[in-house]
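Here is the naming used below: chain letters follow the sequence lines, and residue numbers restart at 1 for every chain.
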Amino acid sequence: MTIRTRFAPSPTGYLHIGGARTALFSWAYARRHQGRFVLRIEDTDLERSTPEAVQAILDGMQWLGLTWDEGPYYQMQRMDRYKEIIRQMLADGSAYYCYCTREELDAMREQQMQAGLKPRYDGRWRPEEGKVLPVVPEGIPPVVRFRNPLNGTVAWDDLVKGRIEISNTELDDFIIARADGTPTYNFCVVVDDWDMGITHVIRGDDHVNNTPRQINLLRALGAEVPQYAHLSMILGDDGQKLSKRHGAVSVMQYHEDGYLPEAVLNYLARLGWSHGDDEIFDMRQFCEWFDLDHITPSAAQFNTEKLNWLNAHYIRQADLGRLAADIRERLQKRGIAAGDHPDLESVIALYRERVQTLNELADSIAYFYHEPMMDEVAWEKHLTPDIIPVLRALAGELMVIDWTTERIHAVIEQAVKSNGLKFPKVAMPLRVLLTGGAQSPSIDAVMALLGQKETLARMEKGLSRLEKLPAV
RNA sequence: GUCCCCAUCGUCUAGAGGCCUAGGACACCUCCCUUUCACGGAGGCGACCGGGGUUCGACUCCCCGUGGGGACGCCA
């Protein structure tokens, strides 16, 4: 039997981090078993579904590389099928019309809550042997309800949580079609999972309570019941539930913020799942290892610092050309054009080990392509008057050498020695002058990349300022 | 309120009765490397929610508490 999994988001917003992990696990499970991964858009909520959200979800999955084998299917395009089944169920008695108004239902719920009961539909329109139904009221379009079993229990062996058993007395006759005839979520899911031959339903555990209803429906339809795996939720960095206000950010926000998709993927894979002590692995490896047995049943808190660590790792591994293309764009967004001088890939190679995100990388190398932002505190600390003659002399030396890291280093070393100084005493002022700050890679390497002309120009400009002369 | 789920270092987790003096990773601290900051290397700090059982033996199994979360829509 071919394993078939699905990811079924409702297009009411972007693809957030929890949805992305659900998609990742479903995708990986299908890959692991040479199965098929189906994408289905659950867009029956006309009020809240938007085409923009559909696109956002597709974009997010594409960025992560979670490719689907089938779909996307759209539920709104399957209306005829749903209506056909509903007609069938009405005919065979597994569903019935209910003429309760919303007000009536609200009142019922209110009363039950007050009596300390679980709010449930009381079955007043449910046909029974020898029962007299109320008189059908005028002008009230009915909803269609599923005739849920009254007794017994529904149970399934959840692949993550183990056996879950729920009494049918906890369930009620839920609505499968609204008054306007459109089918509802629990119904569509069941028909779709059935029609699409889904063998493993991997989804968030906020659906645990829907599962018994769906199983009952499946049985009423004579459909095979798939296996279920309910994933626990992901909490925000602060331990709070992810929500619009609590950093339930779009996966595309991670792109914005300078994260590599492979880092996000690796991080998400380890959030709620593990393979011994393995921390760093690619998706090829993940798909070979992934199983449902090693998924944690408890909720996991998102940890940006660990994501950062992984991101730093993948930045160091990434292809330089790819990084350069990305960084060029990020610099452009900052209004900086990275020309050919100095070579962007070389600059990135010099800096990639010092950053955790691509934005940090772009920011930290910006000074190569435009005038550095001067850190005045660093200036005050390192550009002391006594260093002026040393730098003046050094500039003279630098003017006439071959511009290689080795030669530059030798000249600086010489200036240090002949003045009886320590290396940092010369290196730090230079660093501030050239980069605008007190932190950079080896100053000779920076100078080599910056180029002779630009290095001397920045030194001159700095020295002029230092000597209280008008800047050139 | 009712039902359901969950519970190991600050965080992510390993652990399927003896391998646990509870392992790894992130973060944190110390030292080393060093031209500043990083990277890297070596150490360190740090946890089985509580109480009862079961068992020769429990982090592991059962029960009860406690705490956290979820669900109770003509939303998905």
**Q** Students often get this wrong, so: under 4.0 angstrom with heavy atoms, is A:G437 touching a base, only sugar-phosphate, or nothing?
**A** nothing
**Q** For the residue pair A:S442 and A:R431, confirm or rule out a side-chain donor-acceptor distance under 3.5 Å.
**A** no
**Q** With no angle test and no hydrogens, is the base of B:rU35 tied to the side chain of A:H409 by a donor-acceptor pair under 3.5 Å?
**A** yes
**Q** Taking atom P in both B:rG44 and B:rG24, what distance in whole Å separates the two?
**A** 10 Å
**Q** Identify which nucleotide among B:rU35, B:rA76, B:rA27 has an atom closest to any side-chain atom of A:E305, counting heavy atoms from C-beta outward.
**A** B:rA27
**Q** Considering Watson-Crick and G-U wobble pairs with both distances under 3.5 Å, what does B:rC26 pair with?
**A** B:rG10
**Q** Using Watson-Crick or G-U wobble geometry with both distances under 3.5 Å, which nucleotide pairs with B:rU55?
**A** none
**Q** So does A:T184 get a side-chain nitrogen or oxygen closer than 4.0 Å to the phosphate oxygens (OP1/OP2) of B:rG73?
**A** no
**Q** Would you say a side-chain N or O of A:S274 is under 4.0 Å from OP1 or OP2 of B:rA14?
**A** yes
**Q** Base, sugar-phosphate, or nothing: which does A:C100 touch, judged by heavy atoms less than 4.0 Å apart?
**A** base
**Q** Contact class for A:D293 vs. all strands (heavy atom < 4.0 Å): base, sugar-phosphate, or nothing?
**A** nothing
**Q** Please name the nucleotide paired to B:rC3 by Watson-Crick or G-U wobble geometry with both distances under 3.5 Å, or report none.
**A** B:rG70
**Q** Would you say the side-chain atoms of A:Q75 and A:D192 include a donor-acceptor pair closer than 3.5 Å?
**A** yes
**Q** Just checking A:V208: base, sugar-phosphate only, or nothing, at a heavy-atom cut-off of under 4.0 Å?
**A** sugar-phosphate
**Q** Among the candidates B:rU35, B:rG73, B:rG69, find the nucleotide nearest to the side-chain atoms of A:S442.
**A** B:rU35
**Q** Write down the distance separating the C1' atoms in B:rG50 and B:rC59, rounded off to the nearest Å.
**A** 15 Å
**Q** How is A:P119 classified with respect to the nucleic acid when contacts are heavy atoms under 4.0 Å: base, sugar-phosphate, or nothing?
**A** base
**Q** Taking atom P of B:rC4 as reference, at what distance in whole Å does atom CH2 of A:W156 sit?
**A** 11 Å
**Q** On the side chain of A:N210, is there an atom forming a donor-acceptor pair with the base of B:rA76 - under 3.5 Å, no angle test?
**A** yes
**Q** Rounding to the closest angstrom, what is the interatomic distance between B:rG23 and B:rC31 at atom C1'?
**A** 24 Å
**Q** Among B:rU35, B:rA27, B:rC3, find the nucleotide with the atom closest to the side chain of A:W309.
**A** B:rA27
**Q** Using a 4.0 Å heavy-atom cut-off, does A:P9 contact any base of the nucleic acid, only the sugar-phosphate backbone, or nothing at all?
**A** nothing
**Q** State which of B:rG69, B:rU36, B:rC12 makes the closest approach to the side chain of A:M428.
**A** B:rU36
**Q** Using only side-chain N and O atoms of A:T296, determine if any of them is under 4.0 Å from OP1 or OP2 of B:rU13.
**A** yes
**Q** Take A:F174 and A:Y121 through the test side chain to side chain contact (heavy atoms under 4.5 Å, CB included) and record every step on the way to the result.
**A** CA-CA 8 Å; A:F174 60 97; A:Y121 174 64; over 6 Å; no
**Q** Pairing check on B:rU36: which nucleotide meets the Watson-Crick or G-U wobble criteria with it, both distances under 3.5 Å?
**A** none
**Q** Using the side-chain heavy atoms of A:N209, tell me which of these nucleotides is nearest: B:rU35, B:rG70, B:rU2.
**A** B:rG70
**Q** Whole angstrom is fine here: how far is it from CG in A:N303 over to P in B:rC26?
**A** 11 Å
**Q** How many Å lie between CG on A:L235 and C1' on B:rC6, as a whole number?
**A** 11 Å
**Q** I want to verify a distance call: between B:rC12, B:rG1, B:rA7, whose nearest atom is closest to the A:A300 side chain?
**A** B:rC12
**Q** Write down the distance between CZ (A:F302) and C1' (B:rG10), rounded to a whole number of angstrom.
**A** 17 Å
**Q** Give me the distance, rounded to whole Å, that separates B:rC39 from B:rC28 when you measure between the P atoms they each carry.
**A** 9 Å
**Q** Is there a side chain to side chain contact (heavy atoms under 4.5 Å, CB included) between A:I348 and A:L361? Walk through the geometry before answering.
**A** CA-CA 8 Å; A:I348 290 172; A:L361 184 51; 4.0 Å; yes
**Q** If you go through the side-chain atoms of A:E279, does one of them form a donor-acceptor pair with the base of B:rG24 closer than 3.5 Å?
**A** yes
**Q** Check the distance between B:rC39's P and A:E360's CD and give it to me in whole angstrom.
**A** 11 Å
**Q** So A:L271, base contact, sugar-phosphate only, or nothing? Heavy-atom distance under 4.0 Å.
**A** sugar-phosphate
**Q** Taking all non-hydrogen atoms of both residues, which atom of A:Q214 and which atom of A:V189 are closest, and how far apart?
**A** OE1-CG1, 3.6 Å
**Q** From the list B:rU36, B:rU35, B:rU13, which nucleotide is the closest neighbour of the side chain of A:Q439?
**A** B:rU36
**Q** Rounding to the closest angstrom, what is the interatomic distance between B:rC62 and B:rA47 at atom C1'?
**A** 24 Å
**Q** How many Å lie between OH on A:Y74 and P on B:rA76, as a whole number?
**A** 17 Å
**Q** For nucleotides B:rC56 and B:rU66, find the distance between their C1' atoms and express it as a whole number of Å.
**A** 31 Å
**Q** For B:rG24, take OP1 and OP2 only and decide whether either is under 4.0 Å from a side-chain N or O of A:H275.
**A** no
**Q** Can you tell me how far P in B:rG18 sits from the matching atom in B:rU11, rounded to whole Å?
**A** 27 Å
**Q** Answer with base, sugar-phosphate or nothing: what part of the nucleic acid does A:H207 contact at a heavy-atom distance below 4.0 Å?
**A** base
**Q** As a test of reading the structure: which of B:rC3, B:rG40, B:rC12 is closest to the side chain of A:K118, going by heavy atoms?
**A** B:rC3
**Q** Distance to the ring centre below 6.0 angstrom and angle to the axis at most 45 degrees; does that hold for A:R78 and A:W194?
**A** no
**Q** Distance check: side-chain N/O of A:R203 vs OP1/OP2 of B:rA76, anything under 4.0 Å?
**A** no
**Q** Report the residues that fulfil ring-ring contact (aromatic ring centres under 6.0 Å, His included) with A:Y73, sequence neighbours left out, ordered by chain and then residue number.
**A** none
**Q** I'd like to know if A:R431 reaches the base of B:rU35 with its side chain such that a donor and an acceptor end up less than 3.5 angstrom apart.
**A** yes
**Q** Just checking A:S49: base, sugar-phosphate only, or nothing, at a heavy-atom cut-off of under 4.0 Å?
**A** nothing
**Q** Of the nucleotides B:rC74, B:rU11, B:rU35, which one has an atom closest to the side chain of A:R109?
**A** B:rC74
**Q** Nearest-Å distance, CG (A:L171) to P (B:rC72)?
**A** 12 Å
**Q** Which one, B:rU2, B:rA71, B:rC39, comes nearest to the side chain of A:E170?
**A** B:rU2
**Q** Give the rounded distance in Å between these two atoms: CG of A:L268 and C1' of B:rU13.
**A** 15 Å
**Q** Start with the C-alpha gap between A:L24 and A:M283, add the side-chain angles, then the distance that decides, and say whether side chain to side chain contact (heavy atoms under 4.5 Å, CB included) holds.
**A** CA-CA 10 Å; A:L24 170 64; A:M283 288 302 103; 3.9 Å; yes
**Q** What heavy-atom pair brings A:W273 and A:I295 nearest, and what distance separates the two atoms?
**A** CD1-CG1, 3.9 Å
**Q** Check this for me: does the side-chain of A:D206 come within 3.5 Å of the base of B:rG70 through a donor and an acceptor?
**A** no
**Q** Can you check the distance between B:rA76 and B:rU13, where both ends of the measurement are the C1' atom (answer in whole Å)?
**A** 31 Å
**Q** Does the structure show a Watson-Crick or G-U wobble partner for B:rA47, both distances under 3.5 Å? Name it, or say none.
**A** none
**Q** Is the A:Y254 ring parallel, tilted or perpendicular to the A:F302 ring (thresholds 30°, 60°)?
**A** tilted
